[in-house]
Amino acid sequence: MNYLNTVTLSGLLHHLSRKKNHAYFPFSIRHENLWTDGTTRRDFLNARAFSQELQDKLSALDENTPIKVTGALRSSKGSGELYLAVLDVEVLPEIKTLENSVKLSGEVHKIKAKAEGVTGTGKYIRFAVRQEVQDFDGHARKDFIVVRVYDDDNNKTLQEILASKNDNDPVQIEGTLRSSRGSGVNYVRCTKIE
């Protein structure tokens with residue numbers, strides 16, 4: 001089955017330390033925008049470049065270089081941590097408008113442990129979009145991409161749609177990639193669900 005999994009982000013390059021055994025170049029994209037309470041929200045969105053060409057390009061760039069990246073979301077095989085598998089990097093002269101767009105399809109995977117939570121922006125319900133895909137090395141893999149659906153006035157309908165779905169039901173969502181202010185864990189903030 002072909003799944004929808006596209007991400008477009010722009011922000012500032014933030015270098016991460018690289019372990020010798022990594023087959024990828026780890027970095028994050030610092031994404032800053034005004035938040036609902038008028039403060040500046042800083043998200044550090046985890047990314048990995050697997051191709052040698054992209055690794056060389058990114059390692060040659062200075063910290064805080066404005067970039068735009070496209071790719072697909074993956075969950076780490078070991079930790080389950082969400083990251084962006086980068087397919088393309090564009091160096092920007094400056095960032096005029098921040099881009100942060102996620103589109104996913106797959107099957108609903110209801111999370112049993114800590115499915116609900118509260119942040120400064122409201123209450124949310126967590127679930128995962130499950131995708132079975134072919135990995136870069138040709139092996140089959142399952143990704144569980146964590147999504148939060150908040151309960152603010154605009155999203156109550158989204159929670160109702162999620163509540164009507166069962167495990168393994170098909171789902172398609174749109175949203176933005178975010179990092180938790182407390183833990184720094186990346187997740188998709190849902191803005192549309194079908």
Side-chain angles (χ1 to χ4, degrees), residues 3-11 14 26 28-48 69-86 98-133 141-194:
Y3 295 105
L4 181 63
N5 188 334
T6 61
V7 180
T8 303
L9 288 173
S10 62
H14 177 68
S28 66
I29 300 148
R30 194 172 79 221
H31 190 91
E32 297 181 1
N33 57 359
L34 285 178
W35 203 237
T36 54
D37 62 2
T39 61
T40 299
R41 178 182 172 94
R42 288 187 182 104
D43 286 300
F44 287 87
L45 307 170
N46 295 326
R48 297 177 181 178
V69 298
T70 56
L73 290 175
R74 297 283 181 251
S75 58
S76 175
K77 288 182 181 178
S79 65
E81 177 183 319
L82 189 65
Y83 67 90
L84 174 61
V86 177
L98 283 174
E99 293 183 64
N100 189 336
S101 170
V102 176
K103 294 180 181 179
L104 294 171
S105 67
E107 289 85 33
V108 171
H109 176 76
K110 299 264 178 127
I111 298 173
K112 293 172 181 57
K114 298 182 184 179
E116 297 181 13
V118 179
T119 67
T121 57
K123 295 178 182 178
Y124 64 84
I125 298 173
R126 269 183 347 140
F127 76 103
V129 174
R130 187 179 69 240
Q131 295 186 336
E132 294 185 33
V133 297
R141 69 174 287 151
K142 289 182 185 178
D143 283 310
F144 293 87
I145 301 165
V146 177
V147 179
R148 290 183 185 179
V149 180
Y150 280 81
D151 75 347
D152 61 21
D153 291 336
N154 296 327
N155 289 333
K156 284 190 178 175
T157 304
L158 297 180
Q159 286 194 351
E160 292 167 1
I161 294 169
L162 178 59
S164 71
K165 294 192 175 288
N166 296 310
D167 273 337
N168 302 317
D169 282 352
V171 66
Q172 185 167 321
I173 68 124
E174 292 181 15
T176 57
L177 190 58
R178 297 289 180 208
S179 63
S180 172
R181 285 184 171 178
S183 65
V185 170
N186 287 193
Y187 63 90
V188 177
R189 183 179 176 121
C190 182
T191 57
K192 182 179 179 182
I193 187 170
E194 297 176 349

For [X] against [Y], the heavy-atom pair lying closest together:
{"X": "Asp167", "Y": "Lys112", "result": "OD2-NZ, 4.1 Å"}
{"X": "Leu45", "Y": "Leu177", "result": "CD2-O, 3.6 Å"}
{"X": "Val86", "Y": "Ala47", "result": "CG2-CB, 3.8 Å"}
{"X": "Phe144", "Y": "Ser75", "result": "N-OG, 3.1 Å"}

With sequence neighbours excluded, what pairs up with Glu32 under the salt bridge (Lys or Arg N to Asp or Glu O under 4.0 Å) test? Arg30, Arg42
Pairwise distance [atom1]([X]) to [atom2]([Y]) - rounded to 0.5 angstrom:
{"X": "Leu73", "Y": "Ile145", "atom1": "CG", "atom2": "CD1", "answer": "5.0 Å"}
{"X": "Glu194", "Y": "Lys165", "atom1": "CD", "atom2": "NZ", "answer": "8.5 Å"}
{"X": "Gln159", "Y": "Tyr124", "atom1": "CD", "atom2": "OH", "answer": "11.5 Å"}
{"X": "Lys142", "Y": "Arg130", "atom1": "NZ", "atom2": "CZ", "answer": "6.5 Å"}
{"X": "Leu82", "Y": "Ser179", "atom1": "CG", "atom2": "OG", "answer": "11.0 Å"}
{"X": "Glu81", "Y": "Arg48", "atom1": "CD", "atom2": "CZ", "answer": "6.0 Å"}

Considering residues at least two apart in sequence or located in another chain, which fulfil the side chain to side chain contact (heavy atoms under 4.5 Å, CB included) criterion with [X]?
{"X": "Thr176", "answer": "Asn100, Arg178, Arg189"}
{"X": "Glu99", "answer": "Thr8, Ser10, Lys68"}
{"X": "Ile193", "answer": "Phe127, Leu158, Ile161, Leu162, Val171, Ile173, Cys190"}

Those residues that, when tested against [X], pass side-chain hydrogen bond (donor to acceptor under 3.5 Å, both in side chains) (two or more places apart):
{"X": "Ser105", "result": "none"}
{"X": "Ser28", "result": "none"}
{"X": "His14", "result": "Glu63"}
{"X": "Asp169", "result": "none"}

After noting the C-alpha distance and the side-chain angles of Glu107 and Tyr3, does the key distance pass the side chain to side chain contact (heavy atoms under 4.5 Å, CB included) rule? CA-CA 10 Å; Glu107 289 85 33; Tyr3 295 105; 3.2 Å; yes
Would you find a donor on one side and an acceptor on the other, under 3.5 Å apart, between the side chain of Arg126 and the backbone of Lys114? yes
Atom NZ of Lys110 with >12 non-hydrogen neighbours under 6.0 angstrom: yes
Identify, with sequence neighbours excluded, every residue that meets ring-ring contact (aromatic ring centres under 6.0 Å, His included) alongside Tyr187. none
Could you give me the CA-CA distance, side-chain angles and deciding distance for Asp143 and Arg74, then say whether salt bridge (charged side-chain N to carboxylate O under 4.0 Å, His left out) is met? CA-CA 6 Å; Asp143 283 310; Arg74 297 283 181 251; 3.5 Å; yes
Given Leu84, which partner from the list Thr70, Asn186, Val69 fulfils the side chain to side chain contact (heavy atoms under 4.5 Å, CB included) test? Val69
Any non-hydrogen side-chain atom of Thr119 less than 4.5 Å from a side-chain atom of Tyr150? yes
Note, Leu104 side chain near Gln131 side chain (heavy atom, < 4.5 Å): yes
